[in-house]
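Step one of this worksheet: look at the structure below.
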Amino acid sequence: MHSFFTRVIAVFEIAGGLFGLVHQFDRLLGGRFSGVDAIVAVLGVLLFAFILVAGVLLASNDGRGTQMSIWAQFLQAPLIATPVFSYALSSGAFANLFITLQHAPRLGFDWSIATHGWLLTLGGPSPAHLGINLLALVSWLILRFGR
């Protein structure tokens with residue numbers, strides 16, 4: 001039997017995966033970007049499709065859904081934004097705890113529900129920051145050890 005939390009994770013994966021997939025398809029069909037941006041958009045389509053399928057399988061109590069959702073949450077956990085490389089992925093919701101890396105480092109927290117996001121780029125903000133999506137981490141722990 002699925003726990004309440006597993007069902008919530010499935011709902012966020014399905015909703016975020018669907019919205020992210022639609023957004024990435026719209027981005028691809030717009031076609032106003034260079035070759036690297038097209039590759040990132042195709043990767044976004046594949047990631048959000050993976051998350052959507054993981055959520056559907058998780059909701060239907062399929063064992064593959066649990067394994068796929070573990071990976072989906074793992075991919076959403078890191079938040080990296082440096083002047084050299086940036087990566088972030090969120091599907092459904094996020095609760096990011098991060099530290100800004102500058103002369104006076106500071107902690108920050110940001111959250112959102114009913115959202116999706118995908119960032120993969122060379123380059124990024126001048127005040128670099130590193131963090132973790134706490135919601136993805138907790139979801140990963142629930143899926144990984146809540147059997």
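Here the structure is a predicted model, which means the values were calculated and not measured.
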statement: Residues I51 and E13: closest non-hydrogen pair is CG2-O, 3.6 Å
- request: Write down the atom of P127, the atom of Q102, and the distance for their closest heavy-atom approach.
  value: CB-OE1, 3.6 Å
Between [atom1] of [X] and [atom2] of [Y], what distance do you get to the nearest 0.5 Å?
X	Y	atom1	atom2	answer
I70	I142	CD1	CD1	11.5 Å
W118	L75	CH2	CG	8.5 Å
L143	I9	CG	CD1	4.0 Å
N61	T6	CG	OG1	9.0 Å
T121	L119	OG1	CG	6.5 Å
I113	S90	CD1	OG	12.0 Å

message: Testing the 3.5 Å rule here: is there a donor-acceptor pair between the side chains of S69 and T66?
response: no
message: Is there a continuous path of hydrophobic side-chain contacts, each under 4.5 Å between heavy atoms, that joins M68 to F74?
response: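 Yes: a chain of side-chain contacts under 4.5 Å links M68 to F74.
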query: Quick check: are there more than 12 heavy atoms from other residues, nucleotides or ligands sitting under 6.0 Å from CZ of F5?
result: no
side-chain contact (heavy atoms from CB on, under 4.5 Å) evaluation trace for Q76 with Q73: CA-CA 5 Å; Q76 293 179 66; Q73 296 305 317; 3.6 Å; yes
- request: Apply side-chain contact (heavy atoms from CB on, under 4.5 Å) to N96 and L134, showing your working.
  value: CA-CA 6 Å; N96 292 335; L134 296 174; over 6 Å; no
Among F94, F12, F48, side-chain contact (heavy atoms from CB on, under 4.5 Å) partner for H116: F48
field: Contacts of type ring pair (Phe, Tyr, Trp, His ring centres under 6.0 Å), residue F25, not counting sequence neighbours
entry: none
statement: With sequence neighbours left out, the residues meeting ring pair (Phe, Tyr, Trp, His ring centres under 6.0 Å) with F98 are H129
